Amino acid sequence: MTIRLYDTSARQIRDFTPIAPGCVSIYLCGATVQAAPHIGHIRSGLNFDIMRRWFAYRGYDVTFVRNVTDIDDKIIAKAAAQGRPWWSIGYENECAFNAAYDALGCLRPTVEPRATGHVPEMIEMMRGLIERGHAYAADGNVYFDVRSFPGYLELSNQELDNLLQPSGEGETGKRDPRDFAMWKAAKEGEPSWETPWGRGRPGWHLECSAMAHKYLGEAFDIHGGGIDLIFPHHENEIAQAKAFGDAFARYWVHNAWVTMSGEKMSKSLGNSVLVSEMVKHWRPIVLRYYLGTPHYRSMIEYSEDALREAEAAFARIEGFMQRVVEKAGTVEPAAEVPPAFAEAMDDDLGVPQALAIVHTAVRQGNSALGADDKESAVARLAEVRAMLGVLGLDPLDEQWAAGDGRGEDLHGVVDSLVRLVLEQREAARGRKDWASADAIRDQLQQSGLVIEDTPAGPRWTLG
């Protein structure tokens with residue numbers, strides 16, 4: 001058994017070898033909490049949740065760090081525009097992110113540090129970089145000298161002479177326009193902290209280098225994030241950490257975007273789809289299926305048609321599971337997933353290939369049900385539950401069985417109403433009024449319900 005991952009820095013799939021045998025350490029760039037999350041934001045957390053679950057299934061002790069960037073230019077600008085404290089903007093949206101992660105079944109991280117809680121660690125790192133000649137103070141700012149670090153831009157595979165480094169307002173005193181800010185001098189009315197170089201606030205890149213060092217040490221296994229973070233964020237993280245003396249991350253894993261009309265989903269484009277709104281119209285477990293089952297390195301082009309296809313595919317799985325439970329009672333997950341499923345997951349988290357094994361087991365289970373082969377149907381359900389459990393998609397697991405947060409309170413009401421109609425249909429059939437019985441069935445199907453006649457009587461499911 002060897003897990004293999006695509007390493008952005010190596011530009012190839014590599015065998016995963018942990019620093020400490022039996023343990024895996026993961027740092028994921030989490031939310032910048034300037035706004036509530038859309039499904040593009042949550043995809044990253046969901047992809048790495050699946051990674052974490054697979055490592056745990058394979059027997060690893062996982063330490064998973066996902067940070068919160070709770071101070072940046074956009075948060076400060078929103079606070080000023082709304083006349084609110086900057087921290088209230090951040091905290092409100094941090095809660096919204098956590099609610100979205102919870103709704104889609106993501107496990108809580110081992111630790112979730114906030115940037116503003118780690119200013120002492122940032123000061124320590126800046127002091128060390130200045131002493132080593134990799135950073136300098138100017139006009140209250142502290143900059144990283146990119147020419148002092150020979151490995152700069154190896155992750156993004158760029159040439160320094162062609163680089164256009166983005167600069168923010170007030171970033172004065174640079175020796176080279178490509179140097180990047182680790183610390184920004186205080187501006188009137190903005191939050192600031194005292195440092196040996198004057199009051200100010202942290203730069204985005206410094207935050208993650210300092211927090212990764214604090215919680216995972218000088219070297220850790222995997223650093224993750226969206227592909228949009230490769231440059232400048234991850235490139236600058238590497239420069240700071242390695243120039244400070246850390247070995248830093250051994251593997252760099254990046255997930256692709258959720259797009260709309262070919263463009264990255266983002267608040268600035270006005271094409272975002274908030275998770276809080278999506279879960280009012282789609283079951284959260286279906287959203288998880290939709291976002292989590294494409295390969296993490298593949299783009300997802302958002303559309304309602306694609307979501308409906310995901311809903312229908314998941315309904316086929318649920319329908320099989322429900323029929324077996326009705327016939328055989330509770331079925332526990334198998335102790336191990338099928339070898340073909342494990343092989344797909346070991347190969348760079350090949351969820352699409354693994355999911356094909358799930359659907360094959362469902363088809364085999366349905367055939368067994370049709371042949372009244374209860375033993376085989378139960379065996380297939382046990383396998384399906386084991387596989388879905390690894391993906392965080394087992395609808396019989398307690399995290400989903402307790403209710404998915406969308407309309408569960410109405411399920412009993414709908415069930416009662418549908419059963420009244422089905423009783424009318426059964427009465428029509430008893431009178432041999434086949435036209436009325438068929439008309440009732442057709443009307444129910446037009447309403448989005450699938451009616452199945454079974455030896456125990458008619459049953460309904462969502463179409």
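These numbers were taken from a predicted model, which means no experiment stands behind them. Index from 1, following the sequence.
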Out of curiosity, [X] [atom1] to [Y] [atom2], how far, rounded to the nearest 0.5 Å?
{"X": "H223", "Y": "T8", "atom1": "NE2", "atom2": "OG1", "answer": "11.5 Å"}
{"X": "S25", "Y": "L216", "atom1": "OG", "atom2": "CG", "answer": "5.5 Å"}
{"X": "E207", "Y": "I71", "atom1": "CD", "atom2": "CD1", "answer": "8.5 Å"}
{"X": "N93", "Y": "Q34", "atom1": "CG", "atom2": "CD", "answer": "7.5 Å"}

> Should the ring pair F220 and F248 be called parallel, tilted or perpendicular, given that the plane angle runs from 0 to 90° and is split at 30 and 60?
Replying inline: perpendicular

Consider only side-chain N and O atoms of [X] and [Y], and report whether a donor and an acceptor are under 3.5 Å apart.
{"X": "D70", "Y": "Y91", "answer": "no"}
{"X": "D15", "Y": "T2", "answer": "no"}
{"X": "E263", "Y": "S261", "answer": "no"}
{"X": "E237", "Y": "S209", "answer": "no"}

> Is a side-chain donor or acceptor of T110 paired with a backbone partner of F64 at a separation under 3.5 angstrom?
Replying inline: yes

> Would you say H213's side chain and A210's backbone share a donor-acceptor pair under 3.5 angstrom?
Replying inline: no

> Could you go step by step and tell me if Y215 and H118 meet the ring pair (Phe, Tyr, Trp, His ring centres under 6.0 Å) rule?
Replying inline: CA-CA 11 Å; Y215 293 101; H118 297 79; 5.4 Å; yes

> F55 and I222: side chain to side chain contact (heavy atoms under 4.5 Å, CB included), yes or no, with the steps?
Replying inline: CA-CA 12 Å; F55 272 115; I222 298 169; 3.7 Å; yes

> Of V362, L396, V331, which is the lone residue that meets side-chain contact (heavy atoms from CB on, under 4.5 Å) with M321?
Replying inline: L396

> Salt bridge between R53 and D49, side-chain N to carboxylate O under 4.0 Å?
Replying inline: yes

> Do H234 and H205 have ring centroids that are under 6.0 Å from one another?
Replying inline: no

> What about H359 and F320, are their ring centers closer than 6.0 Å?
Replying inline: no

>> Against F314, only a single residue in Y290, W400, Y289 fulfils ring-ring contact (aromatic ring centres under 6.0 Å, His included); can you say which?
In response: Y289

